[in-house]
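First the structure, in the form of structure tokens, and then the observations on it.
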Protein chains: 2
Amino acid sequence: MLDFTSEGIIKQLSIDCVVFGYEQATLKILLPKLLSKGEFWVLPSGFIGQHEGVDEAAKRILKERTGIDEIYLDQCRVYGGAERNNKSFIEQFLNLSHETGNFFDKDRLKPFEDRFISVSYYALVNIQKTKPVKSNIDESIEWYDVKNLPHLILDHNQMVLDALEALRNNLDRKLIGFNLLPDEFTMKELQELYEAVYDRPFPNNNFQKRILALNVLERLGKKFSGEKNKAPYLYRFRNSGSLA
Amino acid sequence: MLDFTSEGIIKQLSIDCVVFGYEQATLKILLPKLLSKGEFWVLPSGFIGQHEGVDEAAKRILKERTGIDEIYLDQCRVYGGAERNNKSFIEQFLNLSHETGNFFDKDRLKPFEDRFISVSYYALVNIQKTKPVKSNIDESIEWYDVKNLPHLILDHNQMVLDALEALRNNLDRKLIGFNLLPDEFTMKELQELYEAVYDRPFPNNNFQKRILALNVLERLGKKFSGEKNKAPYLYRFRNSGSLA
């Protein structure tokens, strides 16, 4: 964990990570729940060391708060309203927490009652390839269906909505990097991924046309499953696939 | 101008604005040149007041440094490498500037030698609708062809490249808001805009198909210019045009 008392962090600047997970045609999000008598769900969040790049800090925070390493995080946006601070959250949290242990001490948290500007990051991962681990300030860490999220602290629900929009706007371009599908997949599997991210159906013909136009897929043999005439083609991503 | 000596700004955080301008089928960028014996081209830049939202600060900075008001700035990205600071630029600038007047004093600039994280913003404007004005720290403020930019300080050239990529990725969605064309325009005029932004030709038929698929144009009558059979259709943006 980053030392909260450290003077070695950039003041008034924080990072929040929106980690989308994909599994069985469903889009989820990874949320730690803080160790407290109250129910505080948060995005995995933290601060930036004086000698640490912002992108590096995001990776470290994600690792510390979720146990997840080596995933590609992308910047989403900056939240910087003049009135944005953690004051009421910290008060509420301290009121409910003092009986459950003292991970947070009032004096140590004082500097974090200031106005804070936050940089959000997002990623999309294959849930089966990750093993989230709760940190020592978390009661739990779980995947939640994006369509049925709990109430998060501060503006974190809005951050999820904005990250979802960014994900939709960039899915075509990031498809390969996200590494969400098996090495070989059917058009239907790819379509299910799009339908989960966009939360709407794509007509089959249009979808196939749209995806093939991206020029990143290589068609392989058919996937025989018994029913001869229904065997779908398998595809894989071209190594040199350009999504520009 | 923001008071550089003020304690009332967020420390170690700055804003840089990439303002693209469009005119006569050419994409340009607005650059102040600092008042100095040396040649320092910079993006319009500044700091964030303690009681000012980040987006508001960007608008204020743009207004102060370029005289341009009321344009829609969008966040681009955060530049936050651990080694990113203004130290060598400030030294170089002070060495060359002390004979030309003292807008910047060594002691006052000291805090800005720290590591700085910067948030970049970008916009695309119709050059004919703006009247840039140099501030009291600028020798000049001019539009420069994006394909032939001077060397900018720090990582500002990289910021331009990243903003150009963001502009290309978002042009379809932002077309209406940017307000770059006359109220009624031909398909050719719209195509010229795309060709300027993407710096490549679009085959006529493909372009028209692509744009019409966005479902934001309303076709009006023909634009008669004398040659009867060559009159092109005029278009305008639908009020309710959705670019989602």
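These figures come from a predicted structure and were not determined experimentally. Worth knowing before you read on, the calculation uses all heavy atoms, side chains too, and leaves out hydrogens, waters and symmetry mates. Chain A is the first sequence line, chain B the second, and so forth, proteins listed ahead of strands; every chain is numbered from 1.
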Atom CG of A:N170 and atom CG of B:N169: how far apart are they, to the nearest 0.5 Å? 6.5 Å
Among residues 154-165 of chain A, those lying within the under-4.5 Å heavy-atom range of chain B are none
Can you name the side-chain hydrogen bond (donor to acceptor under 3.5 Å, both in side chains) partners of B:Q208, sequence neighbours left out? none
Can you tell me which portion of A:V78 sits under 4.5 Å from chain B's heavy atoms? Options are side chain, backbone, both or neither. both
Using a 6.0 Å cut-off, check whether atom CG of A:D145 has over 12 heavy atoms from anything other than its own residue. yes
Can you tell me which residue pairs pass the salt bridge (Lys or Arg N to Asp or Glu O under 4.0 Å) test with a partner in residues 197-211 of chain B, sequence neighbours excluded? B:K147-B:D199, B:D172-B:R210
With sequence neighbours excluded, residues passing side-chain contact (heavy atoms from CB on, under 4.5 Å) with B:K28: B:E23, B:T26, B:I127, B:W143
Value for CZ (B:R77) from CZ (A:R77), rounded to nearest 0.5 Å, stands at 14.5 Å
Under 4.5 Å from any heavy atom of chain B - which part of A:R115: side chain
Do A:Q12 and B:L13 pass the side chain to side chain contact (heavy atoms under 4.5 Å, CB included) test, and can you show the C-alpha distance, the side-chain angles, and the key distance before you say yes or no? CA-CA 9 Å; A:Q12 299 187 271; B:L13 196 60; over 6 Å; no
